[in-house]
Amino acid sequence: MWQQWLGELEQGNVKALARSISLVENSAEGYEKMLEALPYNATARVIGITGPPGAGKSTLVDALIGQFIAHGKKVAVLCVDPSSPFNLGAVLGDRIRMSNWYTHPNVYIRSLATRGSMGGLNPRIIEITELVKAAGYDYVIVETVGVGQSEIEIAGLADTTVVVMVPEGGDEIQTMKAGLMEIADIFVVNKSDRPEADAFVKNLRLMLAPAFHSHREVPIVKTIGSTTSGIDELYNAIEQHSEETGHSLRKSWLITERVFQLVQQHRMNNIDKEGMFNAIRSSLNDKVNFNLYRFAKNYF
Ligand SMILES: Nc1nc2c(ncn2[C@@H]2O[C@H](COP(=O)(O)OP(=O)(O)OP(=O)(O)O)[C@@H](O)[C@H]2O)c(=O)[nH]1
Ligand SMILES: [Mg+2]
């Protein structure tokens with residue numbers, strides 16, 4: 001079955017892509033064989049869009065899709081639903097707002113659940129991204145809410161990471177999560193229709209200054225998502241980052257990071273957490289001398 005889907009997927013058939021994503025999400029029969037058979041797409045770029053809840057990420061993605069297709073590109077969007085780590089199905093609700101493009105032939109939009117990966121991305125996001133690339137999309141945009149683990153994961157997944165923020169009072173920026181600062185290839189200050197936007201950008205520049213010694217200067221783009229103001233600049237910043245990093249060492253490091261995560265996942269696969277819990281419970285009930293390290297060593 002997957003062989004046929006793969007053929008169709010490579011022709012850009014979205015139904016085959018949708019089925020293949022479900023196959024991989026559910027670890028259904030044949031999914032590993034299919035992943036092993038995927039062709040390499042050297043030119044597709046993964047753009048991570050992250051930032052606090054409600055910062056305007058989806059609004060910006062919607063506007064960006066318009067830019068990409070105006071430049072003749074095919075673009076796919078994967079929205080990772082952040083709502084709850086215990087939520088086992090993607091809740092479309094909010095994400096449906098991007099529906100402007102749902103029927104455009106060069107656009108593919110899919111919501112993914114987090115499926116219990118604590119505050120993180122969908123556990124199969126790396127593999128799903130590879131499927132989408134194989135379907136011939138030039139850009140794969142992954143939207144995630146920047147909370148906890150997910151920002152580190154998105155930095156490993158994306159060729160270009162865009163961090164979206166909104167202008168807040170001076171103190172807020174000081175307390176902004178260091179995690180978000182570190183992963184940004186591009187900063188977006190959205191909702192810059194707010195009066196405090198210029199002061200916020202200035203503060204952000206000052207904060208970033210000490211980091212300049214070893215890295216490239218991180219561009220800061222001011223946008224108003226709802227009016228698409230600044231979207232040209234954002235598009236250009238993404239294109240420029242792609243050109244700068246496309247053939248660099250960074251690319252190999254990124255792929256190393258993805259492989260590392262896959263290996264980690266597979267090694268952890270055999271570990272039955274419930275079994276572990278039961279074993280710990282009975283150890284504690286028996287009032288034995290419980291040694292944490294010795295216990296853990298059984299699983300090494
Ligand atoms: N004033 C103003 N409102 C905006 C702007 N961009 C987006 N919004 C509004 O902000 C709200 C949140 O926008 P979304 O695009 O859903 O934000 P998000 O970051 O995707 O939200 P989550 O996915 O829930 O984290 C919506 O009501 C938008 O209309 C902007 O530039 N200015
Ligand atoms: Mg959103």
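Whatever order the structure lists them in is the order used to number ligands and atoms, beginning at 1.
- Proximity of Ile224 to ligand 1, defined as any heavy-atom pair under 4.0 Å, is shared by backbone and side chain alike.
- Close approach of ligand 1 to Asp193 (heavy-atom distance below 4.0 Å) involves ligand atoms 1 (N), 2 (C), 30 (C), 31 (O), 32 (N).
- The ligand atoms of ligand 1 that sit less than 4.0 angstrom from a heavy atom of Ser58 are 15 (O), 18 (P), 20 (O).
- Residue Gly54 places at least one N or O, backbone or side chain, under 3.5 Å from an N or O of ligand 1.
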Salt bridge (Lys or Arg N to Asp or Glu O under 4.0 Å) between Glu36 and Lys33, worked out = CA-CA 5 Å; Glu36 284 171 31; Lys33 289 266 178 313; 5.3 Å; no
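- The distance criterion of under 3.5 Å between nitrogen or oxygen atoms is met by Asn190 with respect to ligand 1.
- A salt bridge is defined here as a Lys NZ or Arg NE, NH1 or NH2 lying under 4.0 Å from an Asp or Glu carboxylate O, and Arg258 with Asp159 meets this definition.
- Not one N or O on the side chain of Trp2 forms a donor-acceptor pair closer than 3.5 Å with the backbone of Ser20.
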Side chain to side chain donor-acceptor pair (under 3.5 Å) evaluation trace for Glu244 with Gln240 | CA-CA 6 Å; Glu244 283 170 14; Gln240 199 187 337; 3.1 Å; yes
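- Note: Asn41 CG to Asp138 CG = 8.0 Å, rounded to the nearest 0.5 Å.
- Taking 2.8 Å as the criterion, Ser58 counts as a coordinating residue of the Mg ion (ligand 2), since one of its N, O or S atoms falls below it.
- Counting the atoms of ligand 1 from 1 in the order shown, those under 4.0 Å from a heavy atom of Glu143 are 20 (O), 23 (O).
- Using the six-membered ring where Trp is involved, Phe290 and Phe295 have ring planes that are tilted, between 30° and 60° apart.
- Ring pair Phe300/Tyr293 is perpendicular by interplanar angle, where above 60° counts as perpendicular and below 30° as parallel.
- Close contacts between ligand 1 and Gly225 involve ligand atoms 6 (N), 30 (C), 31 (O) [criterion: under 4.0 Å to a heavy atom].
- The closest heavy-atom contact to atom 7 (C) of ligand 1, among the options Asp62, Ile49, Thr59, Thr223, comes from Thr59.
- Closest to the Mg ion (ligand 2) among the N, O or S atoms of Glu143 is OE2.
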